[in-house]
Amino acid sequence: MQISIVIPLLNEQESIPKLHRWIAAVMKANSYSYEVIFIDDGSSDGSWQEIQKITALDANVKAIQFLKNYGKSQALHAGFEMAQGEVVITMDADLQDNPEEIPEMYKLIQEEGFDIISGWKKKRYDHVLTKNIPSKLFNAAARKVSGVKLHDFNCGLKAYQQVVVKNIDVYGEMHRYIPLLAKNAGFEKIDEKVVQHQARKYGSTKFGAERFAHGFLDLISIWFLSKFGKRPMHLFGAWGAVMFIIGFITAIGIGATKLYKLWYHIPDILVTQNPWFYIALTVMILGTLLFIAGFLGELILRTQKNPQRYKISKVLK
């Protein structure tokens, strides 16, 4: 199979039939062997009923229904698990992503050998103050911190080699950072393509302004995990050892000074009255706690099991 199209959705009843017809027309025009995988992330409208109608008529369409809303990252994870195509395309179900971009993205993956091609909505039809400007700031920060030179991390339209989606773990709200997750996994050939952005026709956006705040926090998390997630002792243990040594040397200095003044009968305050004694003691305790945190982190890594992050109600194949 050449292409798997993974589409997470939440309450997109009106958009689904048109999106399916649009995708089918593009696939037929290019004679692709393909599958479309809809992941219903706990919709409360008639989205699942629309999907059932489509799967009954089109053998190329498969679907997963979650018991409740678990988030876009979990939906993508489930879709990636099911995908069988040589190239995996992700897109949103709100008709803002154009399926006619798929053939060129497919060629860039298959013929040019890229691991990931990310869509770049250079011209957007979103609200300037609530989405466009915050998005530009967010993407600039993401480029700076991650080192991945993409203009639009949030674009849902992306193309992947199958081996990429089978070797990354999309969790939490990390769907924004799949290219960074892929880079950390060893996939370096990442590029972007300018894609057409279309105004939303039905319903309303499922993401508010708070997603940018969450995005920045997720970016810090993924940066930290990418550097120290597999070796917490390198961070906590190193800092703990340094702090303990500094505190210990300071305590030795305080003790030596006290003994020197006692030997030569120089008047001096009690050690317990010296503020530096308590500073040294605090630094030693903090250093010990950091070292223990690093040690516990190493133990957790060696014993952790990946819990099931979502529950599936139905699967249509």
Side-chain angles (χ1 to χ4, degrees), residues 1-106 109 119 155-160 162 165-166 170 175 195-207 310-317:
M1 184 181 296
Q2 293 172 290
I3 298 176
S4 292
I5 303 173
V6 176
I7 306 174
L9 62 99
L10 175 64
N11 296 334
E12 298 289 356
Q13 178 181 358
E14 297 91 346
S15 302
I16 292 169
K18 184 173 182 179
L19 178 61
H20 167 251
R21 292 194 296 270
W22 199 355
I23 291 173
V26 173
M27 296 295 103
K28 183 177 180 180
N30 290 273
S31 300
Y32 290 136
S33 58
Y34 73 99
E35 64 180 357
V36 179
I37 305 172
F38 288 106
I39 304 95
D40 183 0
D41 187 21
S43 295
S44 57
D45 64 356
S47 294
W48 183 248
Q49 287 70 30
E50 291 293 336
I51 292 170
Q52 286 180 310
K53 293 176 187 176
I54 294 170
T55 55
L57 298 173
D58 188 347
N60 294 310
V61 178
K62 303 174 183 178
I64 298 171
Q65 183 187 36
F66 284 175
L67 280 172
K68 65 175 186 177
N69 177 237
Y70 289 99
K72 187 174 182 178
S73 293
Q74 319 331 311
L76 287 173
H77 184 274
F80 290 163
E81 287 284 304
M82 182 180 283
Q84 298 297 317
E86 297 171 358
V87 174
V88 178
I89 306 287
T90 60
M91 62 190 306
D92 295 333
D94 54 12
L95 298 177
Q96 291 189 284
D97 294 333
N98 189 340
E100 292 172 14
E101 305 282 358
I102 292 175
E104 189 172 346
M105 298 181 83
Y106 174 78
I109 294 290
C155 181
L157 185 57
K158 291 181 172 68
Y160 308 87
Q162 187 196 92
V165 302
K166 298 299 185 182
V170 188
H175 57 272
V195 297
Q196 181 182 354
H197 182 229
Q198 303 181 136
R200 174 181 276 273
K201 294 184 178 181
Y202 307 105
S204 59
T205 180
K206 310 304 184 297
F207 301 99
Y310 50 84
K311 295 185 183 296
I312 294 173
S313 174
K314 297 177 182 176
V315 176
L316 301 177
K317 295 184 179 181

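All values derive from a computational prediction rather than experimental measurement.
Shortest non-hydrogen contact noted between D45 and Q49 is O-OE1, 3.8 Å. The nearest pair of heavy atoms linking L67 to I312 is CG-C, 4.4 Å. Across every non-hydrogen atom of M91 and L19, the tightest pair is CE-CD1, 4.1 Å. Scanning both residues, S43 and N11, for their nearest heavy atoms gives OG-N, 2.8 Å. Contact record, W22 with E100: NE1-OE2, 3.2 Å, taken as the closest heavy-atom pair. Across every non-hydrogen atom of S4 and Q84, the tightest pair is OG-N, 3.2 Å.
Checked for salt-bridge contact, K68 and D41 miss the test: no charged N lies under 4.0 Å from a carboxylate O.
Note that CD of Q196 and CG of L157 are 11.0 Å apart. Values are rounded to the nearest 0.5 Å. The distance from atom NZ of K314 to atom CD of Q52, rounded to the nearest 0.5 Å, is 5.5 Å. Put simply, CG on L316 and CD1 on I51 are 8.0 Å apart, with the number rounded to the nearest 0.5 Å. Here the CD1 atom belonging to I16 is positioned 10.5 Å from the NZ atom belonging to K53, to the nearest 0.5 angstrom. Between I64 atom CD1 and K62 atom NZ the span is 10.0 Å, to the nearest 0.5 Å. For the atom pair CG (L76) and CD1 (I39), the distance works out to 6.5 Å, reported to the nearest 0.5 Å.
Using a 4.5 Å heavy-atom cutoff, the side chains of I102 and M27 are in contact. Using a 4.5 Å cut-off on side-chain heavy atoms (C-beta onward), T90 and F80 make contact. Counting heavy atoms from C-beta on, the side chains of S47 and L9 come closer than 4.5 Å. Taking 4.5 Å as the limit, every side-chain heavy atom of I7 sits out of range of all side-chain heavy atoms of I37. Under the 4.5 Å side-chain criterion, counting only non-hydrogen atoms from C-beta, K72 is in contact with D92. For the pair E101 and I89, the minimum side-chain heavy-atom distance is 4.5 Å or more.
Listed by chain and number, the residues in a ring pair (Phe, Tyr, Trp, His ring centres under 6.0 Å) with H77 are Y310 (sequence neighbours excluded). Residues forming a salt bridge (Lys or Arg N to Asp or Glu O under 4.0 Å) with D97 (at least two apart in sequence, or on another chain): K121.
Within 6.0 Å of the NZ atom in K317, the count of heavy atoms belonging to other residues, nucleotides or ligands does not exceed 12.
Side-chain contact annotation: N60 with E35, donor-acceptor N/O pair under 3.5 Å absent.
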Exercise. I would like to know whether Q162 and V87 meet side chain to side chain contact (heavy atoms under 4.5 Å, CB included); could you show each step before the answer?
Key: CA-CA 5 Å; Q162 187 196 92; V87 174; over 6 Å; no
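Between the D58 side chain and the I54 main chain, no donor and acceptor come within less than 3.5 Å of each other. Using a distance-only test at 3.5 Å, with no hydrogens or angles considered, no donor-acceptor pair links the side chain of S15 to the main chain of L95. Between the Q13 side chain and the G46 main chain, a donor and an acceptor come within less than 3.5 Å of each other. In this structure, the side chain of K166 engages the main chain of A83 through a donor-acceptor pair within 3.5 Å.
Of the residues Y32, Y160, Y34, the one that meets the ring-ring contact (aromatic ring centres under 6.0 Å, His included) test with Y106 is Y32.
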